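Below: one structure, written as structure tokens.
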Amino acid sequence: MCDGQLYGFNEDAFSVKFDCRKTEVPANSQSLSTRRELYERDFPLYKQPVEVGCFSLDAQRRFFNDNRQMRYYVEPDRNPNFDLKDGYKDRFVKRDDSVKEKLDHILRWFYNHNCVFFWSYVDFVTWRGHLTKLLTTPYETRDGWLLAVTRFRGTLYISEVETEAACRERENRTERHEKMMYWGYKFEQYTCADDIQSSPDPSGAVNTNEAFCTVVQTRLADHKLLFSGEVDCRDKDPNAPAPPGCYVELKTSAEICTPKQFKLLKWWAQSFLPGVPRVIAGFRDHDGVVVSVETFHISKISHLIKNEYNCWKPTVCMNFCCDFLSFVKRVATEDNPSVVYLFSWEPCREVTFSIHRDSPYSFLPHWYIQEMTSSQELNHQS
């Protein structure tokens, strides 16, 4: 497999250094601290992410092992005056977010690519969003998380479990909140075309079932990662770098007044992990009209924050994630898909875990267990 290049910050404040020290958490610890000062050490080794595949989800959320849902970024005017409310009442097909897909789509891709081959190269399989939550944990003050982990055939699978608080919030969203979630998808419709030759068509329906997802491989210290994340679009330029270097993340926001804001941290973490080089932000007014567009280069975000007092630090984020993965490796030792190690965290608390057997937390589907077991047996016989 391709190792890629060493990946990190080239700026003065966050040039990549290689910390070969073991995690500072005691090996027999039953919990993991999230205190920031524990993670203020050298930036850990992070390999340049390499795209090893992709897949698409259509308007009915069906899996396709191809890039049919890929879209192309079309740069708007600097002051575009996009009305993000357009179509909300009559042209909006909303995905049912009460349906928890777990890792099913990634596992489908994994199986389709005969990924017995990948097992010797992968420690963890998960969604990019789960890793993003880990990166932002030392600075999160509102939302806790639950992450279920299963070890199967030597690989650790990480899947999120909805917390009670998140469930209550989802079921009690205000109309304003629902509209603002739609605004982000509508901005994508204003700035994305279906192919290189066409232009964006904001007159159609916004269907949030549709998605294009990249699958990337990388390494954080000694943790070999394979994860997938949704990609908004790619650069139209035929001379653009190969994926994921050509991908573009699209966001909408009220104006960011200070780099301390947690939103900018989330943008950085979400794009840094898969190697997406830039975020295009549409800044909107209170009524949902985009009044300006700005580009944030992920490699330069450290320049925005390094002079801020008591601001978030990328090195803290990456070191915490690295230590969490080490913690998981020490804890989740039984290789059994019916055993789930449930890691739990709430703001101002330590990360703890519990062990569950044959429980509702089990998330690897039976078809996957059977198919991958059969594939590995055939591989050994040959």
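As the structure is a prediction and not an experimental result, all values here were calculated from the model.
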Can you tell if the side chain of [X] reaches within under 4.5 Å of the side chain of [Y], non-hydrogen atoms only?
X: Lys251; Y: Lys266; answer: no
X: Trp267; Y: Ser253; answer: yes
X: Leu135; Y: Phe320; answer: no
X: Met372; Y: Leu107; answer: no
X: Leu226; Y: Trp109; answer: yes
X: Phe212; Y: Arg234; answer: no
X: Met180; Y: Arg284; answer: yes
X: Leu273; Y: Cys321; answer: no

Output, in order, the C-alpha distance, side-chain angles, deciding distance and verdict of salt bridge (charged side-chain N to carboxylate O under 4.0 Å, His left out) for Lys89 and Glu175. CA-CA 12 Å; Lys89 294 293 187 182; Glu175 179 70 7; 3.8 Å; yes

Does CZ in Arg176 sit with more than 12 non-hydrogen atoms of other residues, nucleotides or ligands closer than 6.0 Å?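 Above 12, so yes.
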
Go through it in stages, so that I can follow the logic: the residues are Glu210 and Arg71, the test is salt bridge (charged side-chain N to carboxylate O under 4.0 Å, His left out), and I'd like the CA-CA distance, side-chain angles, deciding distance and then a yes or no. CA-CA 11 Å; Glu210 298 174 340; Arg71 296 179 298 175; over 6 Å; no

Closest contact, heavy atoms only, [X] versus [Y]:
X: Thr163; Y: Gly144; result: CG2-O, 4.2 Å
X: Pro49; Y: Gly275; result: CG-N, 3.8 Å
X: Tyr341; Y: Glu334; result: OH-N, 3.1 Å
X: Ser198; Y: Ala193; result: O-CB, 3.3 Å
X: Asp123; Y: Asp222; result: OD2-O, 3.3 Å
X: Val289; Y: Asn81; result: CG1-OD1, 3.2 Å

If only atom types and distance count, is the side chain of [X] paired as donor or acceptor with the main-chain N or O of [Y] below 3.5 Å?
X: His223; Y: Cys322; answer: yes
X: Thr252; Y: Gly282; answer: no
X: Ser374; Y: Gln370; answer: yes
X: Trp345; Y: Arg349; answer: yes
X: Thr191; Y: Tyr73; answer: no
X: Ser56; Y: Arg68; answer: yes
X: Asp335; Y: Gly154; answer: yes
X: Glu51; Y: Pro274; answer: no
X: Trp127; Y: Ile158; answer: no
X: Glu140; Y: Asp143; answer: yes

Take Tyr190 and Val290, measure what side-chain contact (heavy atoms from CB on, under 4.5 Å) needs, and give me the verdict at the end. CA-CA 10 Å; Tyr190 275 116; Val290 175; over 6 Å; no

For the hydrophobic clusters of this structure (ILVMFWY residues joined by side-chain heavy atoms under 4.5 Å, transitively), does one cluster hold both [X] and [Y]?
X: Phe324; Y: Leu38; answer: yes
X: Tyr185; Y: Val279; answer: no
X: Val248; Y: Val74; answer: no
X: Phe82; Y: Tyr88; answer: yes
X: Leu264; Y: Ile280; answer: no

What's the separation between atom [atom1] in [X] and atom [atom2] in [Y], rounded to the nearest 0.5 Å?
X: Tyr46; Y: Leu225; atom1: OH; atom2: CG; result: 6.5 Å
X: Leu84; Y: Tyr182; atom1: CG; atom2: OH; result: 8.5 Å
X: Asn172; Y: Cys167; atom1: CG; atom2: SG; result: 9.0 Å
X: Asp58; Y: Asn209; atom1: CG; atom2: CG; result: 8.0 Å
X: Glu249; Y: Trp268; atom1: CD; atom2: CH2; result: 14.5 Å
X: His105; Y: Cys213; atom1: NE2; atom2: SG; result: 8.0 Å

Kindly determine whether Arg278 and Asp235 satisfy salt bridge (charged side-chain N to carboxylate O under 4.0 Å, His left out), including the steps that lead there. CA-CA 10 Å; Arg278 57 182 172 142; Asp235 197 315; 3.0 Å; yes

Connected hydrophobic set around Met181, excluding itself, where side chains approach under 4.5 Å: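 Via sub-4.5 Å side-chain contacts, Met181 links to none.
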
Please confirm whether Arg36 makes a cation-pi placement over Trp312, using NZ or CZ under 6.0 Å from the six-membered ring centre and within 45° of the ring normal.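 No - Arg36 does not lie over the ring of Trp312 by the 6.0 Å and 45° rule.
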
Taking only Lys NZ, Arg NE, NH1 and NH2, and the carboxylate oxygens of Asp or Glu, determine whether [X] and [Y] approach each other closer than 4.0 Å.
X: Arg91; Y: Asp86; result: yes
X: Lys85; Y: Asp83; result: yes
X: Lys313; Y: Glu37; result: no

Begin with the C-alpha distance, continue with both residues' side-chain angles, and end with the deciding distance and a verdict on side-chain contact (heavy atoms from CB on, under 4.5 Å) for Arg108 and Trp367. CA-CA 10 Å; Arg108 180 65 63 186; Trp367 70 262; 3.7 Å; yes

Just say parallel, tilted or perpendicular for the rings of [X] and [Y], cut-offs at 30° and 60°.
X: Phe296; Y: Phe283; answer: perpendicular
X: Phe110; Y: Tyr368; answer: tilted
X: Tyr157; Y: Phe152; answer: tilted
X: Phe353; Y: Phe327; answer: perpendicular

Let's go through Phe343 and Val331 carefully: what are the C-alpha distance in whole Å and the side-chain angles of both, what is the deciding distance for side-chain contact (heavy atoms from CB on, under 4.5 Å) to 0.1 Å, and is it a yes or a no? CA-CA 10 Å; Phe343 292 83; Val331 168; 3.8 Å; yes

Could you give me the CA-CA distance, side-chain angles and deciding distance for Cys54 and Val231, then say whether side-chain contact (heavy atoms from CB on, under 4.5 Å) is met? CA-CA 10 Å; Cys54 64; Val231 173; over 6 Å; no

Quick one: which of Glu162, Glu164, Glu178 gives a salt bridge (charged side-chain N to carboxylate O under 4.0 Å, His left out) with Arg170?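 The option that passes is Glu162.
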
